[in-house]
Amino acid sequence: MKKDIHNRNDIIRLVDTFYEKIKTDQVIGFIFNEVANVNWESHLPKMYDFWENVLFFTGNFDGNPMQKHKELHNKCPLSHAHFDHWNEVFRLTVDELFVGEKAEEIKLRAKSISDVIMYKTIQ
């Protein structure tokens with residue numbers, strides 16, 4: 001039975017499951033694997049901190065996602081379709097694993113954050 005997102009362990013489960021899908025995704029996987037050349041060992045803990053801070057206001061994230069996406073866009077132009085697809089995979093992953101208030105909140109926040117990053121990146 002699904003439960004809501006309650007803590008960092010739930011965030012880790014969500015992030016790990018999501019990025020396992022992204023690594024092999026036919027639409028945006030190449031951006032992570034070939035363009036950004038993501039070092040997953042260092043990237044995943046940053047994403048744990050990011051999403052834990054987004055959902056639980058832990059203050060444990062230190063980074064500049066906007067700058068990272070601008071740099072990425074300079075290497076490979078990102079499109080609305082890329083952002084829409086990222087959101088779809090994220091939403092489906094949350095729905096696959098969790099149900100509840102925090103699950104709904106993280107989907108809304110993810111969409112809001114990606115909208116801002118998209119707007120400021122691909123202008």
Side-chain angles (χ1 to χ4, degrees):
M1 180 172 228
K2 292 185 227 177
K3 63 180 184 79
D4 204 359
I5 302 170
H6 293 290
N7 53 41
R8 184 175 178 89
N9 287 335
D10 292 337
I11 296 290
I12 290 170
R13 181 176 175 220
L14 171 60
V15 168
D16 286 351
T17 302
F18 172 71
Y19 280 110
E20 281 304 311
K21 293 176 183 182
I22 291 300
K23 288 176 187 178
T24 60
D25 187 84
Q26 297 298 308
V27 177
I28 60 174
F30 80 96
I31 296 170
F32 291 84
N33 297 314
E34 298 165 25
V35 179
N37 293 310
V38 171
N39 175 333
W40 295 106
E41 274 188 38
S42 65
H43 185 66
L44 291 175
K46 289 176 189 171
M47 293 299 92
Y48 306 152
D49 290 347
F50 177 80
W51 289 110
E52 186 179 28
N53 185 55
V54 165
L55 205 55
F56 300 113
F57 307 101
T58 57
N60 62 347
F61 177 73
D62 182 29
N64 188 339
M66 190 67 63
Q67 184 58 39
K68 292 292 183 186
H69 286 87
K70 285 181 181 180
E71 291 169 7
L72 186 57
H73 181 65
N74 288 337
K75 291 181 183 179
C76 172
L78 303 175
S79 69
H80 289 264
H82 292 133
F83 283 90
D84 289 345
H85 186 74
W86 184 98
N87 275 299
E88 180 70 5
V89 175
F90 191 84
R91 183 186 62 75
L92 290 172
T93 304
V94 173
D95 288 346
E96 169 189 320
L97 300 173
F98 300 101
V99 64
E101 183 180 324
K102 289 293 185 184
E104 292 303 312
E105 182 180 342
I106 203 168
K107 291 185 294 185
L108 290 173
R109 287 176 174 250
K111 176 74 168 100
S112 295
I113 291 165
S114 71
D115 284 350
V116 169
I117 291 173
M118 180 180 61
Y119 175 77
K120 291 188 173 189
T121 300
I122 66 175
Q123 288 246 47

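Here, residue 1 is the first one in the sequence, and each next residue gets the next number.
- Between the side chain of K75 and the main chain of I31, no donor-acceptor pair closer than 3.5 Å is present.
- Nearest heavy atom pair, residue A36 against residue L72, reads CB-CD1, 3.8 Å.
- Separating the CG atom in L97 from the NZ atom in K3 is a distance of 10.0 Å, to the nearest 0.5 Å.
- T58 contributes atom OG1, which lies 4.5 Å from atom CD of E52 (distance to the nearest 0.5 angstrom).
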- prompt: Are K21 and D25 close enough, and set up right, to give a salt bridge (Lys or Arg N to Asp or Glu O under 4.0 Å), and what steps lead you there?
  reply: CA-CA 6 Å; K21 293 176 183 182; D25 187 84; over 6 Å; no

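- A distance of 12.5 Å separates CG of N9 from CG of L14, quoted to the nearest 0.5 Å.
- Other residues, nucleotides and ligands contribute over 12 non-hydrogen atoms within 6.0 Å of the CZ atom of F30.
- Using a 4.5 Å heavy-atom threshold, the side chains of I117 and M66 count as touching.
- Closest heavy-atom contact between V89 and I22: CG1-CD1, 4.0 Å.
- The shortest distance between side-chain heavy atoms of D115 and M118 falls below 4.5 Å.
- At a cut-off of 3.5 Å, with distance as the only test, no side-chain donor of N60 or Y48 sits close to an acceptor on the other residue.
- Summarising the geometry of S42 relative to K46, their closest heavy-atom pair is O-CG, 3.5 Å, with the distance given to 0.1 Å.
- Checked against the 6.0 Å centroid criterion, the rings of W51 and F90 qualify as a close aromatic pair.
- Summarising the geometry of W86 relative to F18, their closest heavy-atom pair is NE1-CZ, 3.2 Å, with the distance given to 0.1 Å.
- Within the 4.5 Å cutoff, the side chain of I106 has no heavy atoms near those of the K102 side chain.
- By the neighbour-count criterion of 12 heavy atoms within 6.0 Å, atom CG of N39 is densely surrounded, having more than that number from other residues, nucleotides or ligands.
- At least one side-chain heavy atom of F56 sits less than 4.5 Å from a side-chain heavy atom of I5.
- Smallest separation of non-hydrogen atoms from E96 and T17: OE2-CG2, 4.0 Å.
- Minimum interatomic distance between C76 and V35 (heavy atoms only, all atoms of both residues): CB-CG1, 3.6 Å.
- Transitive grouping of hydrophobic side chains (ILVMFWY, heavy atoms separated by less than 4.5 Å) keeps L92 and I11 in distinct clusters.
- Using a 4.5 Å heavy-atom cutoff, the side chains of R8 and D49 are in contact.
- More than 12 heavy-atom neighbours from other residues, nucleotides or ligands sit within 6.0 angstrom of NZ on K23.
- Counting heavy atoms from C-beta on, the side chains of Y19 and H43 come closer than 4.5 Å.
- Here NZ of K107 is found 13.5 Å from OG of S112. Values are rounded to the nearest 0.5 Å.
- How far OG1 of T93 is from CZ of F98: 10.5 Å, rounded to the nearest 0.5 Å.
- Listed for the H85 side chain is no donor-acceptor partner under 3.5 Å among the backbone atoms of H82.
- Rounding to the nearest 0.5 angstrom, the gap separating the NE2 atom in H80 from the CD1 atom in I122 is 4.0 Å.
- The 12-atom threshold is exceeded at CD of Q67, counting heavy atoms of other residues, nucleotides or ligands nearer than 6.0 Å.
- Aromatic ring orientation, F83 versus H69: tilted (interplanar angle from 30° to 60°).
- Within the 4.5 Å cutoff, the side chain of W40 has heavy atoms near those of the N33 side chain.
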